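Everything on this sheet refers to the single structure shown next.
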Amino acid sequence: MDPRTSLDPRYSDPKAAPASWPEAAGRLAAAEVYWLTTVRPDGRPHVTPLIAVWSDHELCFCTGPDERKARNLAGNPAVVLTTGTPTLGEGFDLVVEGEAARVEDEGRLAVLAEAYVGKYGPEWRFEVREGAFVGDGGTALVFAVAPRTVFGFAKGDPFGQTRWRF
């Protein structure tokens, strides 16, 4: 997966260079907390923090079928996922734009369930049943977001804004 990479000079220090996609993908894989933005039926945004795993070039997350984000996704799959650092002068922030697609294949779900345990520990162990995760909290639908556009924001010296288009 080799996206088109560009540095936006309007928002970048003259010394900045575009960040590499492998570096950004590594940051997406390593992040622990992400913020998911979905669209409510009336068009207002809904934002919530969650955990996710990077698998097969997609960010994957789960949610209960009756939760607001699942209900929003049933009507509009457009999402934004963000992660980064809460500082201004250092770190790197990422914004992933794409569409959330439901994952129901039990083989893929089994791989994702193991990825959750590998990343977050045994308290995040799920069984796979009937096209969903099942855990202590009940049933969770699983969604995958293949990036359409990703923005990376290098903070500090030099600051820069990289865009990857897929």
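Just so it is clear, the model here is predicted, and its values are computed rather than measured. Numbering of residues begins at 1 and proceeds along the displayed sequence.
A continuous path of hydrophobic side-chain contacts links Leu73 to Ile51 [ILVMFWY only; heavy atoms under 4.5 Å]. Side-chain heavy atoms closer than 4.5 Å link hydrophobic residues (I, L, V, M, F, W, Y) into clusters, and following such links, even through other members, never connects Val111 to Trp124. Tracing side-chain contacts under 4.5 Å through hydrophobic residues (I, L, V, M, F, W, Y), one reaches Leu28 starting from Val103; they form part of the same cluster.
Note that the CZ atom of Phe159 and the CZ atom of Phe153 stand 12.5 Å from one another [nearest 0.5 Å]. The CG atom of Asp13 sits 6.0 Å away from the CG atom of Asp157 when rounded to the nearest 0.5 Å. Atoms NZ and CZ, from Lys69 and Arg40 in turn, are 11.5 Å apart once rounded to the nearest 0.5 Å.
Applying the ring pair (Phe, Tyr, Trp, His ring centres under 6.0 Å) test to every pair with at least one member in residues 76-95, sequence neighbours left out, gives no pairs at all. Within the structure, side-chain hydrogen bond (donor to acceptor under 3.5 Å, both in side chains) contacts touching residues 99-123 (residues at least two apart or in different chains) are Tyr34-Lys119, Glu58-Arg108. Sorted by first and then second residue, the pairs that involve residues 44-55 and meet salt bridge (Lys or Arg N to Asp or Glu O under 4.0 Å), not counting sequence neighbours, are Asp42-Arg44. Screening residues 145-156 for side-chain hydrogen bond (donor to acceptor under 3.5 Å, both in side chains) gives Thr85-Lys155, Asp93-Lys155 as the qualifying pairs, with residues at least two apart or on separate chains. Applying the side-chain hydrogen bond (donor to acceptor under 3.5 Å, both in side chains) rule to pairs touching residues 17-27 yields Glu23-Arg27, sequence neighbours excluded.
Partners of Asp66 under the salt bridge (charged side-chain N to carboxylate O under 4.0 Å, His left out) rule, at least two apart in sequence or in another chain, do not exist in this structure. In this view, Asp8 and Arg10 satisfy the side chain to side chain donor-acceptor pair (under 3.5 Å) rule, not counting sequence neighbours. Residues satisfying the side chain to side chain donor-acceptor pair (under 3.5 Å) criterion with Arg4, sequence neighbours excluded, are absent altogether. When the side chain to side chain contact (heavy atoms under 4.5 Å, CB included) test is applied to Val47, the partners found at least two apart in sequence or on another chain are Trp35, Thr37. With sequence neighbours left out, Thr38 forms a side chain to side chain donor-acceptor pair (under 3.5 Å) with Asn72. The side chain to side chain contact (heavy atoms under 4.5 Å, CB included) search around Val39 returns Asn76, not counting sequence neighbours.
Between Ser6 and Arg163 the shortest side-chain heavy-atom distance falls below 4.5 Å. With a 4.5 Å cut-off on side-chain heavy atoms, Leu50 and Leu81 count as touching. When side chains are defined from C-beta on, Val95 does not count as touching Val150, because their heavy atoms never get closer than 4.5 Å. Residues Phe151 and Val96 fail the side-chain proximity criterion, which asks for heavy atoms closer than 4.5 Å.
Side-chain atoms of Ser55 do not come within 3.5 Å of backbone N or O of Leu112 as any donor-acceptor pair. Under the 3.5 Å distance criterion, the side-chain polar atoms of Thr5 are left unmatched by any main-chain donor or acceptor of Trp164.
Surrounding CH2 of Trp54 are more than 12 heavy atoms belonging to other residues, nucleotides or ligands, all under 6.0 Å away.
Residues Pro18 and Leu7 come closest through the heavy atom pair CG-CB, 3.8 Å. Across Ala70 and Gly64, no two heavy atoms sit closer than the pair CB-O, 3.2 Å. Val33 approaches Pro49 most closely through the heavy-atom pair CG1-CB, 4.2 Å.
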Show the atom names and distances, to 0.1 Å, of all donor-acceptor pairs under 3.5 Å that link a side chain in residues 126-143 to residues at least two apart or in another chain.
residue: Glu127; atom: OE1; partner: Arg129; partner atom: NH2; Å: 2.9

